[in-house]
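Note that these values count all heavy atoms, side chains included, but never hydrogens, waters or copies made by symmetry.
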Amino acid sequence: MSMAFVGLIAGLALGFAGYFGGFGAFVLVAALGAVGFLVGRFLDGDLDAGEFFRGRDSERRR
C-alpha cells in the first residue's frame, strides 16, 4: 500500500470525524491515528522504543 493511499485514508477519516463529530472528535481521531502509527512502526521494527527515552547527551557520546 503506497503512502499516498494511506494519507488519503487518514485524511478521509479525519474529515469525517471533523464533520460529523466536531473538533473534539477530530483531535481524538488524529491522536489515536498517531499512536497507531507509532505502534505499527515499532512492531515493524522501524522504531526503537529507547529513542524516546534517551537524552540528547547520549547522542553526542556515540
Taking the hydrophobic residues Ile, Leu, Val, Met, Phe, Trp and Tyr, and joining any pair whose side-chain heavy atoms are under 4.5 Å apart, which ones share a cluster with Leu14?
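Joined to Leu14, directly or through intermediates: Phe23, Phe26, Val27, Val29.
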
With sequence neighbours left out, what residues match Phe5 under side-chain contact (heavy atoms from CB on, under 4.5 Å)?
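Phe5 satisfies side-chain contact (heavy atoms from CB on, under 4.5 Å) with Met1, Ser2, Leu8, Ile9 once adjacent residues are dropped.
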
How far apart are the closest heavy atoms of Ala17 and Ala25, and which atoms are they?
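Reported closest heavy-atom pair: O-CB, 3.6 Å.
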
